[in-house]
Amino acid sequence: MGYADLHQRSVTDPNGFWMEQAQAIDWMRPPSKALFDEAAPLYEWFSDGMVNTCWNAVDRHVKAGRGDQTAIIYDSPITDTKRKITYAELQGRVARLAGALRAKGVAKGDRVIIYMPMIPEALDAMLACARLGAVHSVVFGGFAAHELAVRIDDATPKAIIAASCGMEPGRVVHYKPLLDSAIEQAQHKPEFCVIFQREQESAALIPGRDLDWNACQDGVEPADCVPVEGNHPAYILYTSGTTGQPKGVIRPTAGHLVALQWTMKNIYDVNPGEVFWAASDVGWVVGHSYICYAPLIAGNTTIVFEGKPVGTPDAGTFWRVISEHKVKSFFTAPTAFRAVKREDPKGEFVTKYDLSCLKTVYLAGERADSDTIVWAQDQLKVPVIDHWWQTETGWAIAANPMGVEPLSVKLGSPAVGMPGYNIQVLDEGGHPVSPGTLGAIALKLPLPPGTLPNLWNAEARFRNSYLEQFPGYYATGDAGYMDDDGYVYIMARTDDVINVAGHRLSTGAMEEVLASHPDVAECAVIGVADDLKGQMPLGFLCLNKGTERAPEDVVKECVKLVRDQIGPVAAFKLAVVVDRLPKTRSGKILRGTMVNIADSQPFKMPATIDDPAILDEIRDALRGLGYARD
Ligand code: COA
Ligand code: AMP
């Protein structure tokens, strides 16, 4: 079946289509139907099936006689380590860790926070939770203690699994003190922590609370896979919204299994036994879906890469890993290619490696600019596929389904809707607009399997954030247009979310931190265009009347405050003191206009602006930082 028929069937006969795909999964009790729409507009998939994610990702491959196949390749240029783990070894590791967690009381439905760097033990921890039906929540290592504390209070975990440290180029990230500080700041206290001591740093353990990763597994009975209902939460992943309180996206177990299994062959064109590499981090949704779960569910080999696109040791690292481990499909963020291109514009490193194994490259996480795509195509001589998705969906909304039928590539577009995604572009009143017209991008309900059924402990916020703006649709928060062939073009966010080096960040959260500085009376944070990272946050600070503090000191303290409260990943380094902020007469800050000025884009003077002269002051302040050039 070609793409068009397949997509058509997925939206007209969702039950038939997804029940067929569900046959690729091992069920302990098969579901009676696919779609459960009784509580619409809240939908669930495969709710009455019984299933286990770890069984499907690990044990079933061993049972099928593929235990000796490599499941995970760990390649860490930062620590100069390479290691391979077979499916049989992975089964033993995960069953033992799950046994240790169970012996300490972790059971189905308990939450477990995982705070780990890019090491295979991070996957062990995720899979051990899945084995028990415990709900993991992985927190990215680049977040500060405060962000970890916010997630501890929201998820109320029974246990936290962490490593002693992470390794960034030129510095050791001391995870354990960050963890201790987060637990101190949080209202909720976990019953225990399991700490994986890395060779690079041994952390001090707190007696009675902290257990050593190896010691706690000594002599315990390995755990078997616990069947869970199809709608049981597999994990919670926090992502940025418009406020400092992150949204806890719930991933449902069975839909996740069925959808991810479908994607590996049909989007990424990899078969069991072939090597797939997503150069992301387990702390992000790409890492959940395409470093850990999908490649393992589909019986591929996955790569855990602890390094950066450049500087570990050079701009040839990607090509070295691809060639050495025979990667067939490679997935990264456009910003990573921009970093490589900046250091090696002519692709001299590319020619040093045999890349004949590589068939396709996939990009996601931010808008892929045409220059970067064309550069990658020229260097690598394979199709470079942009695809669009979100933490909320867990897999691609729009893509070019290379394993179904390679469609023509249109630069600037992540191509067409994947099965079950009915993409529409709407005007402010919720009416579909004609091709080529900009609008809000919405998805007609129901969303396909694997997508979020709700937010953790926040149903009202779920309805309000996604379902109420356009009744009958899920509002993606992205704006763009569609062409006559149904290709979608993602142009911008409609909310206060910015995208910095493929990392999704909330300007609202940064404003909350800046506002807590004692000398700051008012502030605004915007995302300005950046050649490398796509966007960078930039803060405007109005100081309290009569303060005698030097503006540059307050700026320095604010930069430090955001790093300490949100984390280095926020990359908040630019801020400027101004007298006033441009506002509408009703007091709304004109952030969009400030973005246009910073990026030297033409704009219409907002009709409701209170005092247009303020824009000149803003322009001057931005020029001082090297922005707003004519
Ligand atoms: N733990 C602790 N700190 C981390 C971290 C982690 N896991 N990941 C990043 N950081 C820190 C970095 O050390 C850096 O700190 P610094 O301000 O002290 O230098 C800061 O967070 C910003 O990091 P990053 O965004 O990685 O920027 P960079 O300048 O170090 O590197 C790129 C630039 C483009 C090479 C890098 O951003 C990159 O590889 N991006 C790809 C992102 C990606 O794959 N995203 C997944 C979406 S699909
Ligand atoms: P995240 O939830 O971190 O994956 O971020 C999701 C957001 O990143 C989307 O809502 C988009 O704004 C942006 N994004 C992801 N992939 C793409 C893409 N291929 N093109 C344009 N924007 C993208």
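Order of listing sets the numbers, starting from 1, for every ligand and every atom in it. Here, residue 1 is the first one in the sequence, and each next residue gets the next number. The analysis underlying the following values was restricted to heavy atoms, covering all of them including side chains, and did not include hydrogens, waters or symmetry mates. The structure displayed is predicted, hence computed values, not measured ones.
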Practice item. State whether the number of non-hydrogen atoms from other residues, nucleotides or ligands found under 6.0 Å of Asp531 atom CG is greater than 12. Key: no

Revision key, fill the gap. the protein heavy atom lying closest to atom 18 (O) of ligand 1 turns out to be Arg563 NH2, 2.9 Å

**Study point:** Residue Asn499 vicinity, atoms of ligand 2 by number, heavy atom under 4.0 Å
**Key:** 8 (O), 13 (C)

Point to revise | Protein contact to atom 48 (S) of ligand 1 [nearest heavy atom, distance to 0.1 Å] | key: Val286 CG2, 3.4 Å

Practice item. Give the single entry among Thr391, Val286, Val497, Asp386 that approaches atom 1 (P) of ligand 2 most closely by any heavy atom. Key: Thr391

Check your understanding: Is the NZ or CZ atom of Arg367 positioned over Tyr489's six-membered ring, under 6.0 angstrom from the centre and within 45° of the axis?
Key -> no

Review point. Hey, does Arg504 come in under 3.5 Å of ligand 2, counting only N/O atoms on both sides?
Key: yes

Practice item. Please write down residue, atom name and distance for the protein heavy atom closest to atom 26 (O) of ligand 1. Key: Lys308 NZ, 3.1 Å

Review point. Quick one: do the Asp75 and His325 side chains pair a donor with an acceptor below 3.5 Å?
Key: yes

Review point. Which heavy atom of Leu561 sits nearest a heavy atom of Val513, and at what distance?
Key: CD2-O, 3.5 Å

Review point. Considering only heavy atoms, which of Trp284, Phe572, Phe140, Phe331 lies nearest to atom 8 (N) of ligand 1?
Key: Phe140

Practice item. Can you pull out the closest protein heavy atom to atom 24 (P) of ligand 1? Residue, atom name and distance to 0.1 Å, please. Key: Lys533 NZ, 3.9 Å

Practice item. Mind checking side chain to side chain contact (heavy atoms under 4.5 Å, CB included) for Glu168 and listing every partner two or more places apart, or none if nothing turns up? Key: Arg171, Val173, Lys308

Check your understanding: Among all protein non-hydrogen atoms, which one is nearest to atom 9 (C) of ligand 1, and what is the separation to 0.1 Å?
Key -> Glu168 OE1, 3.4 Å

Point to revise | Heavy atom of protein inside 4.0 Å of atom 36 (C) of ligand 1, strictly below | key: no

**Study point:** Contact with ligand 1 for Val310, non-hydrogen, under 4.0 angstrom
**Key:** no

Check your understanding: So which heavy atom in the protein is nearest atom 22 (C) of ligand 1, and how far is it from that ligand atom?
Key -> Pro568 O, 3.7 Å

Review point. To the nearest 0.5 Å, what is the distance between CG (Asn422) and CG (Leu443)?
Key: 8.0 Å

Check your understanding: Which is closest to atom 42 (C) of ligand 1 by heavy-atom distance: Ala501, Gly283, Gly534, Ala278?
Key -> Ala501

Exercise for review: Provide the number and element of each atom of ligand 1 under 4.0 Å from a heavy atom of Gly142.
Suggested key: 1 (N), 2 (C), 3 (N), 4 (C), 5 (C), 6 (C), 7 (N)

Check your understanding: Under 4.0 angstrom from atom 5 (C) of ligand 1, is there any protein heavy atom?
Key -> yes

Study note, to complete from the structure: shortest atom 12 (O) of ligand 2-to-protein heavy-atom contact is with Asp478 OD1, 2.6 Å

Practice item. Kindly check if the number of other-residue, nucleotide or ligand heavy atoms within 6.0 Å of CZ (Arg342) is above 12? Key: no

Practice item. Can you figure out which of His503, Met118, Arg338, Arg342 has its heavy atom closest to atom 25 (O) of ligand 1? Key: His503

Exercise for review: State plainly whether the residues Glu552 and Lys556 are in salt-bridge range, i.e. N to O under 4.0 Å.
Suggested key: no

Practice item. Considering only NZ, NE, NH1 and NH2 on the basic side and carboxylate oxygens on the acidic side, decide whether Lys82 and Glu306 come within less than 4.0 Å. Key: no

Check your understanding: By number and element, which atoms of ligand 1 are closer than 4.0 Å to a non-hydrogen atom of Val569?
Key -> 21 (O)

Point to revise | Salt-bridge criterion met for Arg338 and Asp369 (N-O under 4.0 Å) | key: yes

Revision key, fill the gap. Ligand 1 atoms nearer than 4.0 angstrom to some heavy atom of Gly502 are 47 (C)

Check your understanding: Taking heavy atoms and a distance under 4.0 Å, where does Lys573 meet ligand 1: side chain, backbone, both or neither?
Key -> side chain

Point to revise | Approximate separation, where rounding is to 0.5 Å, of Glu511 CD and Ile526 CD1 | key: 10.0 Å

Check your understanding: What protein heavy atom sits nearest atom 20 (N) of ligand 2, and how far away is it?
Key -> Glu366 O, 3.4 Å

Point to revise | Contacting atoms of ligand 1, where contact means under 4.0 angstrom from a heavy atom of Ala279 | key: 44 (O)

**Study point:** Shortest reach to atom 46 (C) of ligand 1 by a heavy atom, considering only Gly141, Pro169, Ser280
**Key:** Ser280

Review point. Can you list the ligand 2 atoms lying under 4.0 Å from a non-hydrogen atom of Ile490?
Key: 21 (C), 22 (N)

Exercise for review: Return yes or no for this condition: an N or O of Gly365 is under 3.5 Å from an N or O of ligand 2.
Suggested key: yes

Exercise for review: Output yes when the distance from some N or O of ligand 1 to some N or O of Thr335 is under 3.5 Å, and no in every other case.
Suggested key: no

Check your understanding: Would you say atom 40 (N) of ligand 1 has a protein heavy atom nearer than 4.0 Å?
Key -> yes

**Study point:** Test item: Cys292 and Thr302 side chains (from C-beta on) under 4.5 Å apart, heavy atoms
**Key:** no

**Study point:** Option whose closest heavy atom lies nearest to atom 6 (C) of ligand 2, chosen from Trp389, Tyr489, Tyr362
**Key:** Trp389

Review point. Going by an N to O cut-off under 4.0 Å, is there a salt bridge joining Asp485 and Lys410?
Key: yes

Practice item. Check the angle between the aromatic planes of Phe331 and Tyr268 and answer parallel, tilted or perpendicular using the 30° and 60° thresholds. Key: parallel

Review point. Do Gln185 and Ser181 have a side chain donor and acceptor closer than 3.5 Å?
Key: yes

Review point. Quick one: does Arg171 get a heavy atom under 4.0 Å from ligand 1?
Key: yes

Exercise for review: Just say parallel, tilted or perpendicular for the rings of Trp389 and Tyr290, cut-offs at 30° and 60°.
Suggested key: perpendicular

Point to revise | Close approach of Pro309 to ligand 1, heavy atoms, under 4.0 angstrom | key: yes

Point to revise | side-chain hydrogen bond (donor to acceptor under 3.5 Å, both in side chains) evaluation trace for Arg251 with Tyr235 | key: CA-CA 5 Å; Arg251 186 75 54 221; Tyr235 67 76; 2.7 Å; yes

